[in-house]
Amino acid sequence: MDFHLTPEEEAFRAEVRAFLDENLPPGANTSDPAFLAEWNRKVRAKRWVGFSWPKEVGGGGATIMQQVILKEEMSKRKAPALGTCFMGLAWVGPAIIQYGTEAQKQRFIPDILDGKYQWCTGYSEPGSGSDLASLQCKCVREGDEYVVNGQKIWTSIAMWSKWIILLVRTDPNVAVKHDGITCLLVPMDTPGITVRPIKNMSGGAMFAEVFFDDVRVPVENRLGEEGQGWQVTISALAHERSSIAEVEGLKRKLEELKDLARRSTKNGRPALEDDGIRRRIARFEAKIEGMRFNGMRALTKQLKGEALGAETSVNKLLRAELEVALGEIALEMQGSAGHLEKEVDGGRWQKFALSWPEVVIGGGTPNIQKNIIAERVLGLPKD
Amino acid sequence: MNFGFTEEQDLLRQEVRKFLDAHCPLEEVRKLMETPEGFSRDLWKQMGELGWIGLTVAEAHGGAGLGWVDLTVVLEEMGRTLFPSPYLATTIAAAAIREAGSAEQQARWLPQLADGSKIASLAHLEPSDRWDLAGVALDAKPQGGGVTLNGAKVQVLDAPAADLFVVSYRSAGGVGLALVERNAAGVAVEATPSIDATRRVGRVRFDGVAVAADALLANASDAALGRVLDLATAAVTAEMLGAAEQDIRITVQYAKEREQFGHPIGRFQGVKHPLAEMFVDVESAKSILYYAAWALDERDADAPRAVSLAKAYASEAFARVGVDAVQLHGGVGFTWEYDPHLYLKRSKWARPAFGDADFHYDRVIQFGEAK
């Protein structure tokens, strides 16, 4: 066990800090479009967008430790994201790098790195949520084209995306449902695609339903082989790294919560002086630190070249629990005003307390994560 | 960065596991539970010869000179089989002598502890039931360079078997530590049986016990005492997490074998999900504990907070595992024959030992405020 960094790693940390000192001074307006445009240009020039990707495709070719250090330092300073094409950077890009043709790489990867437009993800269907591999979106090949008919749901930012990475069923007569699925890359302006936003419980709309009515897709837009779609998806999602950014985010949230506890009163005293509140906050702190050190143990495995297995579900479960619980305690501390829309801090806690489902349900429900742990880690029989 | 055990530590774990499985499986633990002394002098002697009792004692004093990360490995294994022995007590007492004793005091006592020839224990908790230093009230009056002790200690680990006590006391100068031999005049030891028969504790009374100047630990500052308690807390946490992990394992095994409604009960989510939740908590508490142990060895400043986070989390997690393991076993879970009750009872000792969850959560918040 050794938590010290090598001199090279320390030097890289210093480089990141110096960059942040220069380009993210205290009080910088990180929502100003001009600032963001400049930020994006600079981090792109540093090759910190797609930092883990191979240099040949325009990535940074970074080691795992460099990625960790960069993420840590960026989160600590609440820096804007590295790159703007969220899903492109998270899994579309990695899938294209691993399974794409040379032409596909040249066509899509530079645009993802430059954040030219957004990608969205067409996986879930009305009848296929947690059981994703049961998906039914119909796809028939006609000459050099695929014809798609069906529906997707819970498609984040579909209304602002230029492309969709889509899973369709090309073969309904397979013995194993995971076979017969194919992955397509489809422009969202193709005739026959209809997007209908879903209003969520916090009043906004991040998700949408997407309908496909005789949508024709050139065969050259297929990613991987026909029937290989499940594999393409799984290996792309495996690029999800240990949860450093999430941990830093939760730590920040907890600090804000302590600040709220100082300003809120319970029984006539600051809530932070209430034993019950204090201990609940400390319990969150323990779980967040648990996540942090779980992440480091996972990272050690990765550094030794071992693959991460179902243990990543441990942190997913903890995160789900914390996202819900932090929102709950924030509203509880506001007492009877907890349900008022804009009374405290402009209503940001109310928004927070209503937005956890995006994280908690979106990444696989907690019950599914528990099944994964019980079956793949503890070895209990499959349901 | 490396957050894993070394090959030597993995090997140590294997050796300890092999030894315990061969010489003290649960059937043997059950036999020892029924004996007056509660542990095997023969195994104690063998462990002394293997160098495990002196694991964290400096080589100069006959120990192996290893750290708290290595100790964690050993204690996790002892927790796994609820191994009954004065190992924890003697290790903590040796750490107190190391942290607070002069070179002469260390040279005199540590070799006898390291080879197992003397069993020692930290006598700290008092009837006030406070683990922090403010709870120390045992009276020490000056007496010819030394002191005279009057008062009582409770929950003293392995008191019935101990030859030597490291006793926290309060004098005009604050809190200190005294070495008191069991056979000293005025010392009375009374066993206080626990529902956990694998663990022996006792009440120790000090009635006008004269302690010479050279038996008062020379460097027993509040900081040194605080560190001793942190080391002890981490050790207890390692042992309890080893036990919790095994209790989960036993229950998982049962859930694979026991069939109801035509299936192994482990197929039902009502059984699966609590097991997954317990695994998450034990695994996460372990991660914090490993860091705490490393920090105790290498990064002092981080240690107290990490220790408290680990103990608080582990206290709650093991308590739940203890209860749920019994429940998930159904009817047989509360028979004497099946093992879950042994772990449940251990969790009742471990939960408050060296501070319960509330005690340590309070400390965590205070550390945050002191920043």
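Just so we're on the same page: letters track the sequence lines, and every chain starts at 1.
Heavy atoms only, all atoms of each residue included: B:Leu309 and A:Glu285 are closest at CD2-C, 4.1 Å. Contact between A:Ala286 and B:Ile288 at its shortest, heavy atoms only, is O-CD1, 3.3 Å. Between B:Trp294 and A:Asp2, the shortest heavy-atom contact is NE1-CA, 3.8 Å. The two residues A:Lys370 and B:Ala276 make their nearest non-hydrogen contact at O-CB, 3.5 Å. Minimum interatomic distance between B:Tyr290 and A:Met1 (heavy atoms only, all atoms of both residues): O-SD, 3.7 Å.
Looking only at side-chain heavy atoms (C-beta outward), A:Leu380 and B:Arg267 stay at 4.5 Å or farther from each other. A:Ile281 has its side chain within reach of B:Ile365: a pair of non-hydrogen atoms, C-beta onward, lies under 4.5 Å apart. When side chains are defined from C-beta on, A:Lys287 counts as touching B:Tyr313, because their heavy atoms get closer than 4.5 Å. When side chains are defined from C-beta on, A:Arg278 does not count as touching B:Tyr361, because their heavy atoms never get closer than 4.5 Å. Contact of the A:Leu299 side chain with the B:Phe3 side chain is not registered, since no non-hydrogen atoms from C-beta on lie closer than 4.5 Å.
Heavy atoms closer than 4.5 Å to chain A are found in both the backbone and the side chain of B:Val252. In this structure, chain B has no heavy atom under 4.5 Å from any part of A:Lys301. For A:Leu378, the parts lying under 4.5 angstrom from a heavy atom of chain B are both the backbone and the side chain. Contact of B:Asp297 with chain A is not made at all, since no heavy-atom distance falls under 4.5 Å. In this structure, no portion of B:Gln253 lies under 4.5 Å from any heavy atom of chain A. Using a 4.5 Å cut-off between heavy atoms, A:Gln369 makes no contact with chain B at all. Looking at B:Arg305, the atoms closer than 4.5 Å to chain A (heavy atoms on both sides) all sit in the side chain, from C-beta outward. At a 4.5 Å heavy-atom cutoff, B:Arg363 makes no contact with chain A through either its backbone or its side chain.
Using modelled atom types, no side-chain atom of A:Lys258 and backbone atom of B:Gly368 make a donor-acceptor pair closer than 3.5 Å. For B:Ser284 (side chain) and A:Gly290 (main-chain N/O), no donor-acceptor pair under 3.5 Å exists by modelled atom type.
Most heavy-atom pairs under 4.5 Å with chain A, from the set B:Asp362, B:Ile248, B:Asp358, B:Val364: that is B:Asp358. In terms of non-hydrogen atom pairs under 4.5 Å with chain B, the most contact-rich of A:His4, A:Arg283, A:Met65 is A:Arg283. Per-residue heavy-atom pair counts under 4.5 Å with chain B were compared for A:Ile373, A:Thr6, A:Asp383, and the maximum is reached by A:Asp383.
A salt bridge is defined here as a Lys NZ or Arg NE, NH1 or NH2 lying under 4.0 Å from an Asp or Glu carboxylate O, and A:Arg262 with B:Glu369 fails to meet this definition.
For CD of B:Glu7, the number of neighbouring non-hydrogen atoms (other residues, nucleotides, ligands) closer than 6.0 Å is 12 at most. In this structure, A:Arg252 places its CZ atom where more than 12 heavy-atom neighbours from other residues, nucleotides or ligands lie under 6.0 Å away. Within a 6.0 Å radius of NZ in A:Lys177, more than 12 heavy atoms belonging to other residues, nucleotides or ligands are found. Heavy-atom neighbours of A:Lys76 NZ from other residues, nucleotides or ligands within 6.0 Å: above the threshold of 12. The neighbour count for A:Trp154 CH2, taken as heavy atoms of other residues, nucleotides or ligands under 6.0 Å away, does not exceed 12. The neighbour count for A:Arg297 CZ, taken as heavy atoms of other residues, nucleotides or ligands under 6.0 Å away, is above 12.
Residues A:Asn294 and B:Glu283 have side chains that never bring a donor and an acceptor to within less than 3.5 angstrom of each other. Side chains of A:Asn371 and B:Gln269: a donor on one and an acceptor on the other come within 3.5 Å.
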- Item | Stepwise side chain to side chain contact (heavy atoms under 4.5 Å, CB included) test for B:Val280 and A:Leu318 | CA-CA 8 Å; B:Val280 166; A:Leu318 285 172; 3.7 Å; yes
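Between B:Tyr291 and A:Phe293, the angle of the ring planes stays under 30°, which puts this pair in the parallel group of the 30/60° scheme.
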